[in-house]
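Since this is a predicted model, take the numbers as computed values, not measurements.
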Amino acid sequence: MNIDDPRLTAFALGELDEPERSTVARVITESPEAQRFVDETRELASALKKEFAAELKTEKPVSANLIDIRDDPWLWSIARPLAIAAVIAVCALITGVAIFSTQHQKEIATARLPAAHPVEAEVESVGEPSSPVLAQTTPPAQPEFHEDASAPAKWARQFGIKAPSAGPLAKGKPGSSRSVDIAQQSYARRDLATYRQDFNTAAYDHIVENPFLDASSNPLSTFSIDVDTASYSNIRRFINEGSLPPKDAVRVEEMINYFIYDYAQPTDEKPFAVHVDVAGCPWEVSHRLVRIGLKGKEIATDKRGPSNLVFLLDVSGSMMPPERLPLVKQAMRLLVEKLTENDRVAIVVYAGASGLALPSTTGDHKEQILEALENLQAGGSTNGAEGIQLAYKIAAANFIKGGVNRVILASDGDFNVGVTSQGDLIRLIEEEAKSGVFLSVLGVGTDNLKDSTMQKLVDKGNGNYAYLDSLDEARKALVQQMNGTLMTIAKDVKIQVEFNPARVASYRLIGYEKRMLRKGDFNNDKVDAGEIGAGHTVTALYEVVPVGTANNPATSVPPVDLLKYSSNDRSTSARSTSSNEMLTVKLRYKKPDEDKSESVERAVTDTNEGFESAPIDLKFAAAVAEFGMILRDSEYKGNGTLDTVLEWAREGKGNDANGYRAGFIELVRKTQALKKS
């Protein structure tokens with residue numbers, strides 16, 4: 001089926017009966033191009049319906065051509081879906097793709113937002129979000145509009161959709177009803193694009209990097225593990241669009257953990273194995289680099305327990321652009337195709353109000369699930385809290401003991417109605433997390449991405465956070481790493497490293513600034529921490545200054561005043577002086593359905609191995625860490641450069657079956673070009 005097939009237009013307009021409707025819905029899931037066509041057709045059909053209704057109500061004079069069209073019964077009764085909807089949809093598709101391309105927003109004409117800027121329609125009823133329609137503004141007599149001819153192709157490559165080709169339908173004769181419609185739609189789209197460009201409200205938490213700490217006065221370093229990957233795909237989006245990311249969008253630990261490392265699986269009954277190695281630090285040769293790696297136990301897909309999933313989808317007006325709700329719908333289709341009769345899926349949507357778009361349905365009813373996804377359209381403001389409450393209520397009602405119980409939230413995080421403060425939203429998630437339902441967040445969007453909010457919700461909701469910058473990223477998170485994304489094998493995983501002051505002068509944890517814990521939190525089972533999924537790998541890097549090193553960064557920290565009631569001195573113990581151990585790594589974790597922690601401990605001795613002979617995975621992790629520090633312009637980046645990052649990454653590329661490490665190398669090259677320009 002191609003986009004010229006009239007059944008696509010009829011499907012978009014709701015004019016097909018079963019079973020043909022289900023057949024077409026199934027075909028659309030396999031064709032991003034067809035899906036895009038259907039979404040555009042629905043959007044424009046709804047816009048035109050509203051526009052014509054407004055014109056008739058106000059008895060606004062219309063051109064002779066428009067009168068002729070309205071008076072032609074054959075056109076409205078027979079050729080409506082094939083003549084009007086298809087023509088306008090294809091026309092607007094060609095124009096609209098270029099306009100919505102965030103990469104080319106700066107090339108759009110400098111038209112400013114009118115005094116009465118577009119207003120998005122509210123959801124008409126619970127569970128049935130209305131189509132978004134921008135309030136009509138009067139277009140200029142001759143709307144001027146500049147497009148980059150390559151924009152549709154570039155946008156299409158990014159989101160896995162075939163670019164439309166220009167044709168005779170792309171233009172209308174001046175003064176004709178077709179050209180008027182296209183001009184009005186283009187003007188409204190340009191208005192929205194300009195609005196998005198001028199009012200960038202993306203929000204990132206400020207990051208204060210971990211400093212070097214003196215090992216004698218601060219021998220313990222405690223933090224929660226993190227398997228989120230959102231930061232890497234988000235900064236990749238910035239760089240691919242031709243700009244460097246904001247410094248606070250760069251979370252080094254999420255960049256490192258985006259990649260899978262070849263750690264051995266556990267050989268005992270533990271849910272994960274612990275690996276520690278030490279090598280020379282490549283950006284500061286007098287320092288040492290310590291890598292702590294965790295490997296979650298692999299679970300075959302056919303051994304996965306039954307799943308109770310609730311898709312919580314933001315369908316507010318801010319989700320209208322193609323890289324948001326349309327991309328989310330494609331991502332959800334990929335996951336649905338992997339579900340079986342043992343799995344259940346419900347769909348909760350939220351905009352001005354929330355509703356149940358699909359009751360909990362078994363995974364073998366794919367047509368029904370896909371059709372429910374197909375019918376979702378964006379429009380309205382964002383009442384995220386109401387949607388969260390309903391999603392957890394549905395998940396609890398269908399809870400599977402011993403199975404996978406998870407809410408999958410897809411949003412740009414722009415909650416602007418109802419409970420909107422971060423604090424209240426976090427408290428809401430903390431309360432809902434007690435139900436035993438885990439949370440996954442899929443972030444989308446560019447100019448209004450509330451990254452800060454999304455990250456905090458995941459931290460308190462026992463979950464993981466991924467950012468979708470393309471359909472390929474959705475496939476990685478929801479298909480290739482499906483078990484790790486859905487199946488939690490250990491929760492509240494904490495790491496505490498004790499450094500031997502006889503061997504270590506000072507140390508610095510690279511990244512994890514938002515995951516730091518107090519030393520007393522380690523043994524406190526009431527303190528929340530991160531989760532590990534089946535097959536997941538987690539990596540943490542420490543930069544360590546050995547005792548006797550000439551320059552110790554921790555000595556630059558101002559000294560503490562003498563204590564009045566106790567001694568400042570902490571003499572090195574006899575045990576630490578005689579021990580060759582560099583450090584001891586301790587871990588605490590809980591099984592997914594338990595509340596009491598278990599522990600793992602491992603001591604490490606430095607064998608003075610150089611970076612040149614380090615494992616290839618450690619070399620690659622070091623390259624990613626240094627790249628992140630360079631992007632942040634970190635004071636701790638040492639002597640590393642983008643050239644040396646490329647060198648280390650090539651040495652650590654290894655097998656690279658999925659090409660992710662090759663993609664990183666290409667990203668570094670693009671960054672070099674940006675810094676030179």
Side-chain angles (χ1 to χ4, degrees), residues 98 101-108 110 146-159 196-197 200 202 204 206-207 209 229-256 258-259 281-285 289 323 446-447 449 451 467 469-470 472-473 510-511 541 543 611-612 619-654 656 659-677:
S101 171
T102 55
Q103 185 174 354
H104 296 278
Q105 284 185 1
K106 293 183 180 180
E107 297 178 32
I108 296 176
T110 56
H146 302 288
E147 299 178 10
D148 182 346
S150 65
K154 293 178 180 178
W155 180 90
R157 283 196 297 271
Q158 183 177 358
F159 292 100
R196 291 171 59 201
Q197 179 177 338
N200 190 322
Y204 300 96
H206 177 57
I207 296 176
E209 290 184 286
T229 62
S231 180
Y232 179 78
S233 49
N234 190 27
I235 68 167
R236 179 175 62 194
R237 186 257 305 175
F238 275 103
I239 294 170
N240 283 336
E241 290 178 355
S243 64
L244 294 174
K247 291 181 179 180
D248 292 322
V250 181
R251 295 187 289 272
V252 179
E253 73 279 4
E254 293 184 25
M255 296 176 63
I256 295 171
Y258 180 86
F259 302 93
C281 180
W283 54 82
E284 180 53 69
V285 295
L289 192 62
E323 78 279 5
T446 53
D447 55 293
L449 175 67
D451 176 82
Y467 175 81
D469 64 332
S470 66
D472 284 340
E473 184 61 25
I510 301 175
L541 298 178
E543 183 176 351
F611 183 75
E612 63 280 356
K619 289 184 177 181
F620 189 82
V624 178
E626 179 66 6
F627 181 55
M629 289 189 284
I630 290 174
L631 288 176
R632 289 190 54 78
D633 192 24
S634 168
E635 63 176 297
Y636 305 111
K637 65 181 182 294
N639 299 318
T641 64
L642 291 176
D643 286 335
T644 55
V645 167
L646 280 176
E647 178 184 345
W648 306 333
R650 291 191 188 103
E651 292 176 2
K653 182 179 177 183
D656 194 26
Y660 297 130
R661 298 190 182 191
F664 171 79
I665 291 171
E666 181 60 26
L667 203 65
V668 178
R669 292 197 185 101
K670 290 181 179 180
T671 304
Q672 285 181 316
L674 287 174
K675 284 184 171 289
K676 291 177 181 178
S677 62

Are the side chains of [Y] and [X] in contact, using a 4.5 Å heavy-atom criterion?
X: Val285; Y: Phe611; answer: no
X: Pro245; Y: Leu631; answer: yes
X: Leu244; Y: Lys675; answer: yes
X: Arg632; Y: Asp248; answer: yes
X: His206; Y: Lys247; answer: no
X: Pro282; Y: Leu289; answer: yes
X: Asn234; Y: Asp469; answer: no
X: Gln672; Y: Leu667; answer: no

field: Electrostatic pair Arg237:Glu323 at N-O distance under 4.0 angstrom
entry: no

- request: Before accepting this row, confirm whether a basic side-chain N of the pair Arg669/Asp643 lies closer than 4.0 Å to the acidic partner's carboxylate O.
  value: no

message: Counting only heavy atoms not in Lys653 (residues, nucleotides, ligands), do more than 12 fall under 6.0 Å from its NZ?
response: no

Nearest heavy atoms of [X] and [Y], plus distance in Å:
X: Leu674; Y: Gly242; value: CD2-O, 3.3 Å
X: Glu651; Y: Lys619; value: OE1-NZ, 3.4 Å
X: Ala625; Y: Ile510; value: CB-CG2, 4.4 Å

message: Ring-plane angle category for Phe664 and Phe627, please: parallel below 30°, perpendicular beyond 60°, tilted otherwise.
response: perpendicular

message: For Trp283 and Trp648, take the angle between the two ring planes, folded into 0 to 90°, and tell me which bin it lands in: parallel under 30, tilted 30 to 60, perpendicular over 60.
response: tilted

task: Consider only side-chain N and O atoms of Glu473 and Tyr258, and report whether a donor and an acceptor are under 3.5 Å apart.
output: yes

Between [atom1] on residue [X] and [atom2] on residue [Y], distance to nearest 0.5 Å:
X: Leu642; Y: Glu626; atom1: CG; atom2: CD; answer: 8.5 Å
X: Leu646; Y: Thr641; atom1: CG; atom2: OG1; answer: 8.5 Å
X: Thr229; Y: Phe259; atom1: OG1; atom2: CZ; answer: 10.0 Å
X: Ile239; Y: Glu666; atom1: CD1; atom2: CD; answer: 11.0 Å

Can you tell me if [X] uses its side chain to pair, donor with acceptor, with the backbone of [Y] under 3.5 Å?
X: Asp451; Y: Tyr204; value: no
X: Lys670; Y: Arg236; value: no
X: Asp656; Y: Ala662; value: yes
X: Ser231; Y: Glu254; value: no
X: Arg661; Y: Gly652; value: yes

field: Chi angles and distances behind the side-chain hydrogen bond (donor to acceptor under 3.5 Å, both in side chains) call for Glu209, Ser634
entry: CA-CA 8 Å; Glu209 290 184 286; Ser634 168; 2.9 Å; yes

